[in-house]
Every structure is written in C-alpha cells, then in structure tokens.
2 protein chains.
Amino acid sequence: MPNDVERADELADFLCFSVYEAGHAFNQLYRELLAELGLTYPQYLVMTLLWRRDDRSVKDLGLKLGLASNTLTPLLKRLESNGLIGRRRDPADERSVRIVLTKAGRDLKARAKIVPERVAEATGLTQAELAELAETLRRLRSTLSERAPG
Amino acid sequence: MPNDVERADELADFLCFSVYEAGHAFNQLYRELLAELGLTYPQYLVMTLLWRRDDRSVKDLGLKLGLASNTLTPLLKRLESNGLIGRRRDPADERSVRIVLTKAGRDLKARAKIVPERVAEATGLTQAELAELAETLRRLRSTLSERAPG
DNA sequence: TGCGATTCAATCGCGCGCGATTTAATTACC
DNA sequence: GGTAATTAAATCGCGCGCGATTGAATCGCA
C-alpha cells in the first residue's frame, strides 16, 4: 500500500485497509493460540463471556458480541457438541435459550489463561498503549454504529 | 463490556473485543455504502487496487490483501460475472491469471468516489487522527504477523 | 534433454457474519 | 378471554477467510 496518503478520502481508504488487515492479523494470532484449546476466535469470545458470568441467554451473548441468532445458534451448537456448554429453554420464558458451562467448559478457563497474556505480549505494546488503542477503537465503533440509526 | 480493565491480560481481551467490533462496524458501514454499487467490502478493496493500477495477477492482489487464491478465485469470478473485470491466463506464464478492468469496472470508479469521503466523515475523526490510527494499526499488524515467522 | 522441485490458480470443506424469513412463546390491548 | 403485536431462536442462502489438497506450468539442475 502506498504511503503517499494526503487527502481525507485516501486516508479513509488507508484506514480501511489497516482495519481489515489488523482484524486478519488478530484472527490469525488467536487461531494459532486457540488451536490447542479446540476453539475458534468467536467461540473463545463466547466462552470468555461465560467465564465472566455463567448462565446467559443467546440474546444476551448476542448483545455483547453484536451477533444475532443466525450466527450464534450454529456456533453454540458446535460448542455444545464439543461438550463445553449446555443449551436449554428457560422455564420462565420458553422463547429464551439459556447457555450454561459444563464442567469441561469451566475447566477450560484455566487452560485459556495464557491466551490474553500471549496476545498482550505479541502486540508489543505497553499496557498504556493497549488501553489507549482499545479505547480509540471502542469510541470509533460507537461513532460508526450511532450514525444512521437504522 | 466492563471498564474495570487493569492487568495486561484483561487489556488484551478488551483490545481483542474492540478490534473485533471495530472490524464489524467498518464492515457494516461499507456494506451500506457499497450496496448501491453492488460490491462487497472485499470486492471493493480489490476494485480499489485495480483502479490504482490495472492488469494485476491474482498473486499480486493476494499479496496486497493478505488473501490466497482459495478466497480470491471465487471473489474474482463473481466480479467477472458482474461484468466488472476480465480474467485471462498470462500468455507469458500460463500459471498466472491476469485481472483487467472492463469498461464497466473502470466506469464504477467515478461512482465509488463518494465511498471514502463518507467513511472519513462517518469516523468523526480529523485527518490527523485518521492518519495516526491507520498507522498504529498498520504497525500493530506488522508486529503481529512478524511474530512466529511460519 | 529429462526429471524433481517450485509456483500459481483452482477446488474442497468448514466456520463465521448477516439479510431475510419462519416458528413459537409472550405481551399488550381491546 | 381473544387477537394482534412483539420478542426470541432457529433456519436459509450467500459471500467471505483459510487450512489443505490438486493440477498444471515453469524452473533448476545434472
């Protein structure tokens, strides 16, 4: 990619390539780290949420991850068939499906402990830089998704 | 997502969610902007490269985008069947396939001009901030992909 | 010249993302 | 209480990403 970016629209294209590539790079990194745990990146994100708090609805997971049931249902079925979670209808509201960790799912938390450590290390960034970048992206994402309130 | 991130490994998880979401947000934004052009985000990236310089090999496009033929070949066939590009074997090296813009593909460049403008606008960032963020992500991506030179 | 190694594109299989639709349960309101 | 509107998951279709493999063309080297 050329470095002679000058105008805002070229910068936007440059940023767009950068975000695209950074996403790929993170995906690749997580893929390698998660391979021995038998998890994909999105599956790891779901497990992370469940390790923080168990027994969530599909809806709740979807809100945290920005995903709907069309993505989550198949993903959760894979986690279920891998023995990491259980899925059952909420007796109090049969529309809702509650996701709970199995023992294997809870036990995986300890083995997954090294993942964020390795990621932090691989970025080569200081804690302060990590925090700043994450916050910048978080704000950028807010700005982008507030636009066009469709 | 909680804001009480303190240790580097929690920051890494926080960053990972942020990158994941920022990627989604960009995808979403581009999807809306590109819908009227009949392009997807990766297709737009390919077209952008071809608008900069026409007549590239699949290999070259792949190097620029970090994609291999398993992703590019079907994508390029879609662009071809939409009449935006042509694909032909390089007579000088029959292993290689050259991608060239059709008239419709070249004409689309003018209509696509507003895309990066809208994106720059939607980020709500100044030119300086755009440039800095893009450069940070570019460096992060370099660091991440240089690790483990597999 | 011949033959193994390399390179490039294509193909296969699987797991996301997501717009759109469907089905079932619950809520709101008359 | 009955019906319409809403809500939650599931399903369908398609387009990426990507590890792995295949097949054809080219290169390297004796």
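To find a chain, count down the sequence lines: A is the first, B the second, and so on, and within it residues start at 1.
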*Give a yes or no on whether the backbone of A/N70 and the side-chain of A/T73 come within a donor-acceptor separation of less than 3.5 Å.*
no
Exercise. What is the nucleic acid contact for B/G62, judged by heavy atoms within less than 4.0 Å: base, sugar-phosphate only, or nothing?
Worked result: nothing
Which word best sums up how the rings of B/Y30 and B/Y44 line up, parallel for under 30°, tilted for 30 to 60°, or perpendicular for over 60°? tilted
task = For the pair A/D54 (side chain) and A/L101 (backbone), establish whether a donor and an acceptor sit closer than 3.5 Å, ignoring hydrogens and angles.
result = yes
In whole angstroms, the gap separating C1' of D/dG23 from CZ of B/R95 amounts to 13 Å
Between CD of A/E94 and P of D/dA9 the distance, given in whole Å, is 12 Å
Q. Heavy atoms under 4.0 Å, any strand shown: does B/L75 hit a base, just sugar-phosphate, or nothing?
A. sugar-phosphate
message: Donor-acceptor pair, distance only, cut-off 3.5 Å: does the side chain of B/T102 make one with the backbone of B/L84?
response: yes
Per-helix bend value, the helix from C/dT1-D/dA30 to C/dC30-D/dG1, C1' rotation axes over five pairs per end, 10° rounding, shows 10°
Counting the atoms with a prime plus P, OP1 and OP2 as sugar-phosphate, which does A/G23 contact under 4.0 Å by heavy atoms, base, sugar-phosphate, or nothing? nothing
Quiz prompt | Heavy-atom donor-acceptor pair, A/R87 side chain to A/V97 backbone, under 3.5 Å | solution = no
- Message: For A/D90, is there any backbone N or O sitting under 3.5 Å from a side-chain donor or acceptor partner on A/R98?
- Response: no
Just wondering, are more than 12 heavy atoms of other shown residues or ligands nearer than 6.0 Å to CD in A/E132? no
With a 4.0 Å cut-off (strictly under) to non-hydrogen atoms of chain A, the first and last hit nts on DNA chain C, 5' to 3', are C/dG15 to C/dT26
Here the distance between atom C1' of D/dC27 and atom CG of B/D93, to the nearest Å, is 10 Å
By nearest-heavy-atom nucleotide on DNA chain C, the more 5' of A/N27 and B/R89 is B/R89
Result for 5'-nearest mapping on DNA chain C, choosing between B/H24 and B/T73, is B/T73
Distance-only donor-acceptor test, A/S96 side-chain atoms vs D/dA8 base atoms, 3.5 Å
no
- Side-chain N or O of A/R87 less than 4.0 angstrom from OP1 or OP2 on D/dA10? yes
NA contact type, A/R98, heavy-atom cut-off 4.0 Å: base, sugar-phosphate, or nothing?
nothing
For B/N70, report the nucleic acid contact type (base, sugar-phosphate, nothing); a contact means any heavy atom under 4.0 Å. base
Check: Base, sugar-phosphate alone, or nothing: which one does A/T71 contact when heavy atoms must sit under 4.0 Å apart?
Finding: base
### Task
Answer whether the closest heavy-atom distance between the side chains of B/V115 and B/L34 falls below 4.5 Å.
yes
Contacts of A/S57 and A/R31 projected onto DNA chain D by closest heavy atom; the upstream (5') one is A/S57
Fill in: Heavy-atom check, side chain of B/L137 versus side chain of A/E21, under 4.5 Å
no
